[in-house]
Amino acid sequence: MGTLALLHASQLVTLAGAKRPRIGKELSELGVIRDGGVLIRDGKIELVASSDEVERNLTALSSQVSGAPNQLEVVDLGGRVVAPGFVDAHTHLVFGGNRLDDFERRARGETYEQIAKAGRGIWSTVQKTRAATEQELFELAKKRVAWFLKCGTTTIEAKSGYGLTLEDELKILRVIRRLNDETPLEIVPTFLGAHAVPRDLSPDKYVDLVINEMLPRVAKEKLAEFCDVFCERNYFDVEQSRKILTAAKMLRLKLRGHVDQLSNFGGAKLMADLGAMTADHLERTDEQGIAALKSAKVQPVLLPGSVYALGLKEYPRAREMIEAGLPVVLATDFNPGSSPTPSMPMILSLACTQMKMSPAEAISAATINAAYSLGRGDRIGSLEVGKSANIAVFDCEDYREIAYWFGLPRTHSVYSVGERVL
Ligand code: NIG
Ligand code: FE
């Protein structure tokens, strides 16, 4: 590692601001520097300023390091937009197979729930994931890591949840750990043993297995930072979800949940009761749910990709949440069933067109707020001195273009901890 200077961004989107998740009008304040530059040393941001100022520092620096000129690299960004790498706070990265048949069935008019009842849905991915070896899952997921980087994402959260036995859940979490160690993408691991009830067990028996066998092993082997549940009719009800998350909390895991996705099921309130870090989905959450999240300081993670890909109409009420003062987060929900996209730019497009967020609000939700939701707001999510140099460069002149062009990400290059990875 050495020193790297990135110069001449048309707009350097810094997201500099309060050291906490952004709410209300703050979501629109991107801290843009025109003709901006960044100075990076040993993977950390050392200066964020106008290109002129960065260049002046560079001249001083190059006289110091003249004995080792290859330690100093200067990149002219040619008037492109520069922003923090996206932080995708909700993905299901590791799975076997695909769900092409479900996709085609939905195109013929069947619903997600009907398809699941017919024994397909999550269960079919569980069968494929169980049949795959750890190495095979690693190879599959490694390709997907490259897709995320191509979209400008430098950190993701990734869940287990397609194993549903002790060994298969551990297998997925070990793959996540290895991907975090061996690829440039930073991955935050989540245990989602309670994603569905396996065919051969009663719901209560499976809840016992999650609490008594899976959670203690996951915690002992430090394989997850978060515990998640799918709190929904035909999956885990509010009481079962509460039991699992309470057990996880005792093991010092942070909490999150898939809640109110298909029905207004009381999930947002449960996340508030338990002091979860996030409540994810929230398509059906009403005013009371929103108020509960607000009073318990739970961050909403909105996943418009799953509404779009399931062909549904009801997007989460982002405007009401912003007006209520909630620090909203946007994420892909990358998974084979309901949201097969790794693209944060596509999610920004959906946020603007379907949920009426502004491009600036969407960018804040996808970077700094997402970073705080993963407990990493002090280290990533903005371009500020001392933070990790996780940076996405877009072939655009105006940051609004990131959300405006859809169907292909405009990513030009990506840096993770100061190293160019795309
Ligand atoms: O976030 N809702 C539950 N889990 C995923 C879908 C998983 C799947 O269909 O494979 C979601 O939408
Ligand atoms: Fe999900």
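Residue numbers start at 1 and run along the sequence shown. When a ligand or atom number is given, it counts from 1 through the structure's own listing order.
- Residue-ligand proximity, Ile122 to ligand 1, at heavy-atom distances under 4.0 Å covers atoms 7 (C), 8 (C), 9 (O), 10 (O).
- The proximity of His92 to ligand 1, defined as any non-hydrogen pair under 4.0 Å, is limited to the side chain.
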Glu287 and Arg317: CA distance, side-chain angles, deciding distance, salt bridge (Lys or Arg N to Asp or Glu O under 4.0 Å) verdict: CA-CA 9 Å; Glu287 309 78 69; Arg317 292 146 75 163; 2.6 Å; yes
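- His281 lies apart from the Fe ion (ligand 2) in this respect, since none of its N, O or S atoms is found at a distance under 2.8 Å.
- Side chains of Ser51 and Asp35: a donor-acceptor N/O pair is present below 3.5 angstrom, by distance only.
- Between Arg41 and Glu46, at least one side-chain N (NZ, or NE/NH1/NH2) sits under 4.0 Å from a carboxylate O, which counts as a salt bridge.
- When only non-hydrogen protein atoms are considered, atom 10 (O) of ligand 1 lies nearest to Tyr162 OH, 2.6 Å.
- Annotation: atom 6 (C) of ligand 1 to nearest protein heavy atom, Tyr112 OH, 3.3 Å.
- For a distance bound of 2.8 Å, the N, O or S atoms of Asp333 include one lying that close to the Fe ion (ligand 2).
- Between Ser338 and ligand 1, an N or O atom pair is found at a separation short of 3.5 Å.
- Side-chain rings of Tyr162 and His195 approach one another, their centers coming within less than 6.0 Å.
- Atoms NE2 of His90 and NE2 of His258, as seen from the Fe ion (ligand 2), are separated by an angle of 90°, to the nearest 10°.
- Ile347 has its side chain within reach of Thr341: a pair of non-hydrogen atoms, C-beta onward, lies under 4.5 Å apart.
- Glu401 and Arg410 are not joined by a salt bridge, as no carboxylate oxygen comes within less than 4.0 angstrom of a charged side-chain nitrogen.
- Contact between Glu232 and ligand 1 is absent, with no heavy atom of the residue lying under 4.0 Å from the ligand.
- The protein heavy atom nearest to atom 11 (C) of ligand 1 is Asp333 OD2, 3.1 Å.
- Every atom of ligand 1 with a heavy atom of Asn335 under 4.0 Å away is listed here by number and element: 5 (C), 6 (C), 7 (C), 8 (C), 9 (O), 10 (O), 11 (C), 12 (O).
- Taking the centre of each ring, Phe148 and Phe86 stay at or above the 6.0 Å mark.
- For atom 4 (N) of ligand 1, the closest non-hydrogen atom on the protein side is His195 NE2, 2.9 Å.
- Residue His258 has at least one nitrogen or oxygen atom sitting less than 3.5 Å from a nitrogen or oxygen atom of ligand 1, judged on distance alone.
- Under a 3.5 Å cut-off, the side chain of Thr190 and the backbone N or O of Cys227 do not form any donor-acceptor pair.
- Aromatic ring pairs are classed by plane angle as parallel below 30°, tilted from 30° to 60° and perpendicular above 60°; the pair His90 and His258 is perpendicular.
- At the shortest separation from atom 2 (N) of ligand 1 among protein heavy atoms lies Gln261 OE1, 2.7 Å.
- For Arg144 and Phe95, the positive end sits near the middle of the six-membered ring, less than 6.0 Å away and at most 45° from its axis.
- The closest approach of His92 to the Fe ion (ligand 2), by N/O/S atoms, is made by NE2.
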